[in-house]
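To keep things clear, I will list the structure first and then write my remarks on it.
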Number of protein chains: 2
Amino acid sequence: MSDIKSPAAPGHWREAELRQGIELLFFAYRDFTAGPDHMLEKYGFGRAHHRVIYFVGRHPHMNVTELLGILRITKQSLNRVLSQLVRQGFIRQTPGVNDRRQRLLELTEQGVALERDLSENQRGFIARAYREAGPEAVDGFRKVMIDLVADPADRARFTRGGKRG
Amino acid sequence: MSDIKSPAAPGHWREAELRQGIELLFFAYRDFTAGPDHMLEKYGFGRAHHRVIYFVGRHPHMNVTELLGILRITKQSLNRVLSQLVRQGFIRQTPGVNDRRQRLLELTEQGVALERDLSENQRGFIARAYREAGPEAVDGFRKVMIDLVADPADRARFTRGGKRG
DNA sequence: GATTTTATGTCAGACATGTTGACTTATCTT
DNA sequence: AAGATAAGTCAACATGTCTGACATAAAATC
């Protein structure tokens with residue numbers, strides 16, 4: 001498939017092979033995000049809103065501090081997009097049960113619908129590539145991608161099957 | 001390694017498996033870009049400058065239209081970062097030989113040095129993951145990533161070993 | 001009970017990156 | 001000569017990010 005050959009010694013990669021990896025990440029990510037970016041336009045939302053919708057959908061009743069830790073942005077940045085999503089009825093905030101300072105986040109019915117549309121688009125995008133590449137390639141893909149996640153806490157999200165079911 | 005099992009029928013993937021793929025792309029890309037983002041701060045540059053430096057470094061004497069096609073941004077957006085890079089001595093423009101309307105782009109000595117630093121960081125990032133995952137996983141990774149590139153012209157960049165050597 | 005810490009929100013100002021639209025200049029093509 | 005193309009420019013604006021300062025409520029600690 002690729003002109004790039006396996007390296008002579010395992011574990012030693014040529015500059016060209018590593019550079020190919022750099023470009024693969026750039027192009028794959030660019031195309032991976034294009035669909036949702038386009039879908040979100042009609043709501044006046046961007047990629048930041050998508051990330052919030054996605055992770056709140058995945059982890060209902062998550063609090064703001066947890067979300068900030070995943071997104072790695074400041075609370076001011078988050079607050080702008082989050083308050084838009086709350087105002088426009090995609091996310092609901094409820095006070096924490098044990099700690100009433102917290103505002104636990106969850107998708108509204110409208111939020112669930114939007115999250116489903118966005119996720120379906122991206123799942124379809126991934127599914128096409130998985131289907132073309134085959135199950136063995138997908139195993140290798142997952143292995144490398146998990147190793148690319150630098151933060152051990154985030155990596156554990158995948159090696160343990162995710163924080164929540 | 002992962003709790004997610006292979007699907008019953010090859011080519012049919014469970015929702016959870018595809019969702020894992022979505023998250024892997026998010027986290028891997030987030031961590032992949034963090035190093036260069038930090039390195040570029042001291043020059044007052046951002047990710048857009050990095051992309052320009054990278055592709056001009058990879059394809060010396062590329063013209064502006066070609067670069068716009070890769071980056072998928074408007075010429076006004078490009079021109080802002082490009083003119084900064086030219087003014088600050090990282091990129092040199094020379095008139096095209098056959099077509100003197102073109103301004104062919106290449107890195108200056110200073111530009112080459114910065115590109116090398118940035119690329120070394122990202123190659124190291126990729127190399128670590130490749131080393132941990134092993135050669136077979138890397139083959140699968142490349143296969144899936146190439147299939148994730150939606151645009152056939154961009155995909156050909158990888159299946160033919162790149163436009164230039 | 002008073003103090004400190006934590007979780008969250010808010011206001012102000014700034015910067016980086018992207019957009020659209022209109023226009024200019026130089027050069028190539030027909 | 002006319003039209004198309006490559007590149008640049010000016011203006012206005014949207015989004016997403018940042019820092020810094022401050023406010024409020026509730027929890028934790030002394």
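Chain A is the first sequence line, chain B the second, and so forth, proteins listed ahead of strands; every chain is numbered from 1.
- Of the side-chain N and O atoms in A/N79, none sit less than 4.0 angstrom from OP1 or OP2 of C/dT8.
- Contact annotation: A/Q93 reaches the phosphate of C/dG9 (side-chain N/O to OP1 or OP2, under 4.0 Å).
- Rounded to whole Å, atom P of C/dC28 lies 14 Å from atom CG of B/N63.
- With B/F125 as the aromatic partner, B/R128 meets the cation-pi criteria of under 6.0 angstrom to the ring centre and within 45 degrees of the ring axis.
- Along DNA chain C, the nucleotide nearest to A/R80 and the one nearest to A/L105 differ in position, and the one closer to the 5' end is contacted by A/L105.
- One can find a donor-acceptor pair under 3.5 Å joining the base of C/dT6 and the side-chain atoms of A/R101.
- Residues A/H49 and A/Q84 bring a donor and an acceptor atom of their side chains to less than 3.5 Å of each other.
- Applying the 4.0 Å criterion to OP1 and OP2 of C/dA16, one finds that B/H49 has every side-chain N and O outside that range.
- You won't find any donor-acceptor pair under 3.5 Å spanning the side chain of A/R103 and the base of C/dT8, going by distance alone.
- There is no side-chain donor-acceptor pair under 3.5 Å between B/Y130 and A/E17.
- A sub-4.0 Å separation between OP1 or OP2 of D/dG16 and a side-chain N or O of A/S77 is absent.
- Straight-line distance from the CD atom of B/E66 to the P atom of D/dT5: 16 Å, rounded to whole Å.
- For A/H38 and C/dG18, the NE2 to C1' distance is 16 Å, given to the nearest whole Å.
- Distance, B/Q102 CD to D/dG8 P: 11 Å, rounded to whole Å.
- When rounded to the nearest whole Å, the span between CG of A/L40 and C1' of D/dG16 equals 14 Å.
- Rounded to a whole Å, the CG atom of B/L67 is 10 Å from the P atom of D/dA7.
- Ranked by how close their nearest DNA chain C nucleotide is to the 5' end, A/L104 and B/K75 are led by A/L104.
- For B/T65, a side-chain nitrogen or oxygen approaches OP1 or OP2 of D/dA7 to under 4.0 Å.
- An OP1 or OP2 oxygen of C/dG18 is reached within less than 4.0 angstrom by no side-chain nitrogen or oxygen of B/T74.
- Between the side chain of A/Q76 and the base of C/dG9, no donor-acceptor pair under 3.5 Å is found.
- When the P atom of D/dG8 is taken as reference, atom CZ of B/R87 falls 13 Å away, rounded to whole Å.
- Remark on DNA chain D: of its neighbouring residues A/R51 and B/D99, the 5'-side contact belongs to B/D99, judged by nearest-heavy-atom nucleotide.
- Side-chain atoms of A/L24 and B/F158, non-hydrogen and from C-beta on, do get closer than 4.5 Å to each other.
- Contact annotation for A/G44: backbone-only contact, meaning every heavy-atom pair under 4.0 Å involves sugar-phosphate atoms and none involves a base.
- In terms of position along DNA chain D, the nucleotide closest to A/R47 lies nearer the 5' end than the nucleotide closest to the other residue of the pair A/V97 and A/R47.
- In this structure, A/N98 reaches the sugar-phosphate backbone alone: every heavy-atom distance under 4.0 Å involves primed, P, OP1 or OP2 atoms, never a base.
- Distance, A/E41 CD to C/dG18 P: 15 Å, rounded to whole Å.
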Step-by-step ring pair (Phe, Tyr, Trp, His ring centres under 6.0 Å) determination, B/F45 to B/F90: CA-CA 11 Å; B/F45 293 156; B/F90 291 90; 5.3 Å; yes
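- Under a cutoff of 6.0 Å and an axis angle of 45°, A/R51 and A/F55 do not form a cation-pi pair.
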